[in-house]
There are 2 protein chains.
Amino acid sequence: MPEEVRDEKATQGIQATLDVMGGKWKPLILFILLHEGTKRFGELRRQLPNVTQGMLTNQLRELERDKLIVRQAYQEIPPKVEYSLSDHGRTLSSVLTDMCGWGYKHIEFMQSIKSGKE
Amino acid sequence: MPEEVRDEKATQGIQATLDVMGGKWKPLILFILLHEGTKRFGELRRQLPNVTQGMLTNQLRELERDKLIVRQAYQEIPPKVEYSLSDHGRTLSSVLTDMCGWGYKHIEFMQSIKSGKE
DNA sequence: CTGCATCCCGAATGATACTG
DNA sequence: CAGTATCATTCGGGATGCAG
């Protein structure tokens, strides 16, 4: 397989991952659902003080569309909606963990450089 | 450690990773440098037909700022500049590979759903 | 050959008010 | 409580022309 094609295919995979969890709040939402299980809309909202209702709804809709989370609505008054990771969403766990780990090493690396300069 | 704090820290790491490789062309640039080693500016440009000069320069500058790649300029006429992964940049390899792998599984997963529906 | 500066656009994000 | 609608804003991405 020519290099260009292989590179392009590799990037497709990475791009797909980025498309799915690249939103500004998606990583945090996924992380919360991964570690704390099912959450109601209001609970998520309270745990994400800087996210507006509209944005939260938006991000949740996209995650649902991409089959990473499951939305369960109860037809009650008052309304009640619960979100949880799907089985497919749980397969993101290792990637999420890896990125988290690398990110921390990166932050430390940058700080070590900074302090070394000054 | 309270849940909110742990979540926030976890997200910091993920966010740092996203900041660093989240640009539209960065994953591909990193992948090429990872697999093919040092490249001249013009070579990269030819391998990324859809990226404008300006964007390529931009992305390379950011990657350099984040210490993922090394820029070596030769003071010649005509100018010659080579880019290569730094040691730190190479530590991204496993993350890149993981994301690539998950992305592909995701693409297949979505296609299996689509074909199942129709 | 390589890179910078400038302008421009559309998408993503965010604030606010309203509804079942 | 959960969600929609609308409008403002910010920002990444892209085109073009110039420069060392």
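Order of the sequence lines sets the chain letters (A, B, ...), proteins ahead of strands, with each chain counted from 1.
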>> How bent is the helix from C/dC1-D/dG20 to C/dG20-D/dC1, measuring the angle between the end axes built from five pairs each, rounded to 10°?
In response: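 Axis angle across the helix from C/dC1-D/dG20 to C/dG20-D/dC1, nearest 10°: 40°.
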> In whole angstroms, how far is the P atom of D/dG20 from the CZ atom of B/F41?
Replying inline: 18 Å
> Quick one: on DNA chain C, does A/P79 or A/V51 contact a more 5' nucleotide (nearest heavy atom)?
Replying inline: A/V51
May I ask you to say what [X] touches in the nucleic acid, namely base, sugar-phosphate or nothing, with a heavy-atom cut-off under 4.0 Å?
X: A/R46; answer: nothing
X: B/P78; answer: sugar-phosphate
X: A/R45; answer: nothing
X: A/Q59; answer: sugar-phosphate
X: A/Y83; answer: sugar-phosphate
X: B/Q53; answer: base

> With hydrophobic residues grouped by side-chain heavy-atom distances under 4.5 Å, do B/F31 and B/W25 end up in a single group?
Replying inline: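 Yes; tracing contacts between hydrophobic side chains, which count when under 4.5 Å, links both residues.
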>> Ring-plane angle category for B/F41 and B/Y83, please: parallel below 30°, perpendicular beyond 60°, tilted otherwise.
In response: tilted
>> Check the orientation of A/W102 and A/H106. Use parallel for under 30°, tilted for 30 to 60°, and perpendicular for over 60°.
In response: parallel
> Hey, where on DNA chain C does chain A first and last touch, going 5' to 3'? Cut-off is any atom under 4.0 Å from a heavy atom.
Replying inline: C/dT13 to C/dG20
Verify the contact: side-chain N or O of [X] to OP1 or OP2 of [N], cut-off strictly under 4.0 Å; return yes or no.
X: B/K24; N: D/dG14; answer: yes
X: A/R40; N: D/dA2; answer: yes
X: A/R71; N: D/dG3; answer: yes

>> Against B/K39, only a single residue in B/I69, B/L33, B/I29 fulfils side-chain contact (heavy atoms from CB on, under 4.5 Å); can you say which?
In response: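 With B/K39 as partner, B/I69, B/L33, B/I29 yield a single side-chain contact (heavy atoms from CB on, under 4.5 Å), made by B/L33.
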> What closest approach, in Å, do B/R45 and B/V51 show between heavy atoms, and which atom pair accounts for it?
Replying inline: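 In this case the closest contact between B/R45 and B/V51 is NH1-O, 4.5 Å.
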> Between B/G103 and A/A16, which heavy-atom pair has the shortest distance, and what is it?
Replying inline: O-CB, 3.9 Å
> Excluding sequence neighbours, so at least two apart, what forms side chain to side chain donor-acceptor pair (under 3.5 Å) with A/R46?
Replying inline: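 Once residues adjacent in sequence are excluded, A/R46 has no partner under the side chain to side chain donor-acceptor pair (under 3.5 Å) criterion.
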> In this structure, which one of A/K80, A/R40, A/E82 forms a side chain to side chain donor-acceptor pair (under 3.5 Å) with A/Y74?
Replying inline: A/E82
